[in-house]
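So the structure is just underneath, and the comments pick up after that.
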Amino acid sequence: MTTRSETRTALDHLLTEIEHRNPAQPEFHQAAHEVLETLAPVIAARPEYAEPGLIERLVEPERQVIFRVPWQDDQGRVHVNRGFRVEFNSALGPYKGGLRFHPSVNLGVIKFLGFEQIFKNALTGLGIGGGKGGSDFDPHGRSDAEVMRFCQSFMTELYRHIGEHTDVPAGDIGVGGREIGYLFGQYRRITNRWEAGVLTGKGQGWGGSLIRPEATGYGNVLFAAAMLRERGEDLEGQTAVVSGSGNVAIYTIEKLAALGANAVTCSDSSGYVVDEKGIDLDLLKQIKEVERGRVDAYAERRGASARFVPGGRVWDVPADIALPSATQNELDENDAATLIRNGVKAVSEGANMPATPEAVHLLQKAGVAFGPGKAANAGGVAVSALEMAQNHARTSWSAARVEKELTHIMNDIHTTCHETAERYDAPGDYVTGANIAGFERVADAMLAQGVI
Ligand code: GLU
């Protein structure tokens, strides 16, 4: 029988090895630390998980593809970007996870996202493995025609690695409905197949699911509501700070309003907006989704209630709830201290790994309910899996049906994380609960399927 401390030492050795084997991938190291550091109790309690090689296999992607993506801009100049697809784990189903187009993308970033995705997807209970991909392409300031040519070039390599039973990409930062459309078109042209289930996040009328655009933001608010319910509170009348202004942030703000809370901020890389009256969603959607503009335009057009703070930290705005919905490591220890000082009750991650490990530690120590992304933002990928189910059955469900399923899934994830944390002596610790519950599902499938 291995003790928890022996297990912890073995995991520490493995983490050192991961750092050596995967140099210059700090985000992947961070994600691996965050998961492995919480697994000692379950590995010590269930000896089958201590089987040599199990965790080593879990931290090594099944396949990693890196490829050249050449494309021409509107002036005819050639650009060369790098494309990635990391197929991390398929023990529970086809690889599933988004594509990110952002200049910060590199192999380490995609591996961190793919690693998180394994556990997130397991938590949905919907039979999807973990993967992620993307490119260091920057869509900002690019015309539709340039984005189309880039997507076509990207898919000209990617198509051979994906398929409805193999690997099913979707959107992430920089990849929304427009990009999925161009990617799907090129896949269809190359393969000569109407294979709707090869990509999710498709448009209405050609295989997309209702509520998929809303799902990540809606799901995160539902998760935050479930955490508050556990403490005898609800969202009614609460003030919320939301970071970001993309798809996740927009539908987070929408669902908060529907449940009686008031989101007073949004942000992008230029700074943040604070709006005392609450964010006007129609205006924000117009600027971000139609005009593809920046958030300072929101403050300019909104009038007296809103102001734009260039380069500031959105976390300085006092609130009851914080929903980081922009990107990794956007909420650090100082931000956590500010939130705590201002009396924050719950922090729920709409983005992937937005809170640094130090911030998470501080928030949990202060008794703030903390929802980790792999649980709290799983609504997006969950509805992607529902889109796959609809595609497979060649049918489409009503918005009410999808939203009902989403609500059920988010409540179920909350209960699973909560109960798992209690079972492993960490009551109220959703990080431990999410990691262990996701791990158990993947590890059981890996053990059953042999050393592959
Ligand atoms: N990119 C989203 C995520 O981080 C969604 C992935 C998907 O729908 O496959 O979970």
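Positions are given from 1, in the same order as the sequence printed here. Treat the numbers as computed from the prediction; the structure is a model and nothing was measured. What you see below is based on every heavy atom in this structure, not just the backbone, and it leaves out hydrogens, waters and symmetry mates. Just so you know, ligand 1 is whichever comes first in the structure, and atom 1 is the first atom listed for that ligand.
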Glu164 side chain to Glu195 backbone, donor-acceptor under 3.5 Å
no
Out of Lys374, Arg100, Arg212, Gln117, the nearest non-hydrogen contact to atom 5 (C) of ligand 1 is supplied by Arg212
re atom 3 (C) of ligand 1, the protein heavy-atom contact at minimum distance is Lys120 NZ, 3.3 Å
Requested in this report: List the steps and the verdict of side-chain contact (heavy atoms from CB on, under 4.5 Å) for Lys374 and Glu34.
Outcome: CA-CA 11 Å; Lys374 61 173 79 66; Glu34 193 264 330; 2.8 Å; yes
Could you tell me whether the side chain of Ile279 reaches within less than 4.5 Å of the side chain of Thr265, counting heavy atoms only? no
*asked:* Using a strict threshold of under 4.0 Å (side-chain N to carboxylate O), is an ion pair present between Asp136 and Arg82?
replied: no
Ligand 1 atoms nearer than 4.0 angstrom to some heavy atom of Ser384 are 7 (C), 8 (O), 9 (O)
A student checking ligand 1 against Asn352 at a 4.0 Å heavy-atom cut-off should list atoms 4 (O)
Ranking Glu116, Glu387, Lys132 by closest non-hydrogen atom to atom 4 (O) of ligand 1, top hit is Lys132
One finds that the ligand 1 atoms under 4.0 Å from a non-hydrogen atom of Ala170 are 7 (C), 8 (O), 9 (O)
The closest protein heavy-atom partner of atom 6 (C) of ligand 1 is Gly98 N, 3.6 Å
State, without any angle test, whether Asn247 and Arg212 hold a side-chain donor-acceptor pair at a distance under 3.5 Å. no
Notebook entry, point to check: Does Gly201 have a heavy atom less than 4.0 Å from any atom of ligand 1?
Noted result: no
Donor-acceptor under 3.5 Å (Ser153 side chain, Pro70 main chain): yes
